[in-house]
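Throughout, a chain's letter reflects where its sequence line sits, starting with A, and its residues are numbered from 1.
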Amino acid sequence: MPELPDVEGFRRVAAEHVIGRRVTSVRVHDASVVQGVSARRFRELLRGRHVGQPRRHGKWLLLPTSGSAAGEGDGLPCLMVHFGMTGMLLWCSVDADPHQHDRVVLVFTDGELRYRDMRKLKGMVLARSEVDVEAVLGELGPDAGQVSRADLRDRLTRTRRQLKSALMDQSRIAGLGNLTVDETLWRARLHPQRTTKELDESQWKSLYRAMRFVLRESSAAGLVPDRPSWLTGHRDDADGRCPRCSTTLRHQQIGGRTTVWCPHCQSRPQG
DNA sequence: ATGTCTGTTTCCTA
DNA sequence: GTAGGAAACAGACA
């Protein structure tokens, strides 16, 4: 699931329920998702602290904490969460049924924040300092929702990779995933195997505007919507057709990921 | 039962 | 620098 829009949805869940609230207790049901510190230390460091303004960079969600509700300066540690392929963040009542894949739970007085993840492909890091935070985020490019058109172009033209792979590369642009990239390329009418080197000015504009549109709409929904008018609404159809021209969609592994595009709308690479 | 698939990332090889 | 494969993990599905 989780690409930028999904994580943005999780950020809103956290913002709605736990800003300024005190963590009354922490449950670690599966210590293997907690990186760097022991489960015990993890609990000690978070219990009693107050949650600050949740942030997101790419696919990472950051929950800063402070010693009091007022947030008086001691702004660390910061809980950094990555959702891998199947992770999610849920706000539940304290007596909600336990779930097999709830790995870590932050308990508050009026409810609890559950990190649920079936496949434990990633996990969470408890950053103890700004240096810790930067060690994680420093690997990433600018957030896809914040990057300027000029910066996007600059970063993508530094590679000779095909568009699909380049856009998926978190160290170039952070936040795009398999669905958002396919949707963006379809809207920009660009073939996923084209090279960034061959794009002209108008194509860069299209790409950027398509990306902005996809991220804005998807973030509002908290997921890439599978609406009929979107490519994503047809990628799992047995005989998926392009919502624009009804051509049968093409499926192929590109850069190791299932890629869907319209062979009519998205013209092939040169040569 | 076995193999294949999956909205992620990382590590290794050629 | 780049592509491809496998692996981490835990399923669902044919």
(message) When you measure from the side-chain N and O atoms of A:His101 to the phosphate of C:dG11, is any distance below 4.0 Å, counting only OP1 and OP2?
(response) yes

(message) I want to check one thing: is the phosphate of B:dT9, taken as OP1 and OP2, less than 4.0 Å away from some side-chain N or O of A:Gln170?
(response) yes

(message) Any base atoms under 4.0 Å from A:Gly256, or only sugar-phosphate, or nothing? Heavy atoms, all strands.
(response) nothing

(request) For C:dG1 versus B:dT8, give the span between their C1' atoms, rounded off to a whole number of Å. (result) 23 Å

(request) Could you tell me whether the side chain of A:Arg257 has a donor or acceptor atom within less than 3.5 Å of a complementary atom in the base of B:dT8? (result) no

(request) Go through the side-chain N and O atoms of A:Thr258 and A:Gln253 and say whether any donor and acceptor fall under 3.5 Å apart. (result) yes

(request) Compare the minimum distances between each of B:dT8, C:dG11, C:dC9 and the side chain of A:Arg119, then state the nucleotide with the smallest one. (result) C:dC9

(message) Can you confirm whether the side chains of A:Arg158 and A:Thr196 place a donor and an acceptor under 3.5 Å from each other?
(response) no

(request) Quote, to the nearest angstrom, the P distance that separates C:dG5 from B:dC5. (result) 12 Å

(message) So if I take every side-chain heavy atom of A:Thr258 and compare against C:dT2, B:dT6, B:dG7, which nucleotide ends up nearest?
(response) B:dT6

(request) Measure from the side chain of A:Leu121, starting at C-beta and using heavy atoms only, and say which of B:dT6, C:dA8, B:dG7 lies closest. (result) C:dA8

(request) Check every strand shown and say whether A:Ser165 touches a base, only sugar-phosphate, or nothing at a heavy-atom separation below 4.0 Å. (result) nothing

(request) Could you tell me the separation between the CG atom of A:Asp117 and the C1' atom of B:dT9, rounded to a whole number of Å? (result) 13 Å

(message) Under a 3.5 Å threshold, yes or no: a donor from one side chain and an acceptor from the other, between A:His234 and A:Asp237?
(response) yes

(request) Could you state the atom-to-atom distance from CG of A:Asp6 to P of B:dT6 in whole Å? (result) 17 Å

(request) Taking only the side-chain heavy atoms of A:His82 (C-beta and beyond), determine which of C:dT2, C:dG11, B:dT8 contains the nearest atom. (result) B:dT8

(message) In whole Å, measure the gap between the C1' atoms of B:dG7 and C:dA3 for me.
(response) 22 Å

(request) Check the side chains of A:His57 and A:Arg55 for a donor-acceptor pair under 3.5 angstrom, ignoring hydrogens and angles. (result) no

(request) Scan A:Gln100 against the nucleic acid and name what it touches under 4.0 Å (heavy atoms): base, sugar-phosphate only, or nothing. (result) sugar-phosphate

(message) From CE of A:Met168 over to P of C:dT2, roughly how many Å is that when rounded to an integer?
(response) 16 Å

(request) Identify which nucleotide among C:dA3, B:dT6, B:dT10 has an atom closest to any side-chain atom of A:Lys122, counting heavy atoms from C-beta outward. (result) B:dT10

(request) Could you work out which one of B:dG7, C:dT2, C:dC9 sits closest to the side chain of A:Lys120? (result) C:dC9

(message) As a test of reading the structure: which of B:dT9, C:dA10, C:dT2 is closest to the side chain of A:Lys59, going by heavy atoms?
(response) B:dT9

(message) Please report the distance, rounded to the nearest Å, between CG in A:Asp236 and P in B:dT4.
(response) 20 Å

(message) Is it true that A:Thr86 and A:Asp117 share a donor-acceptor pair across their side chains at a distance under 3.5 Å?
(response) yes

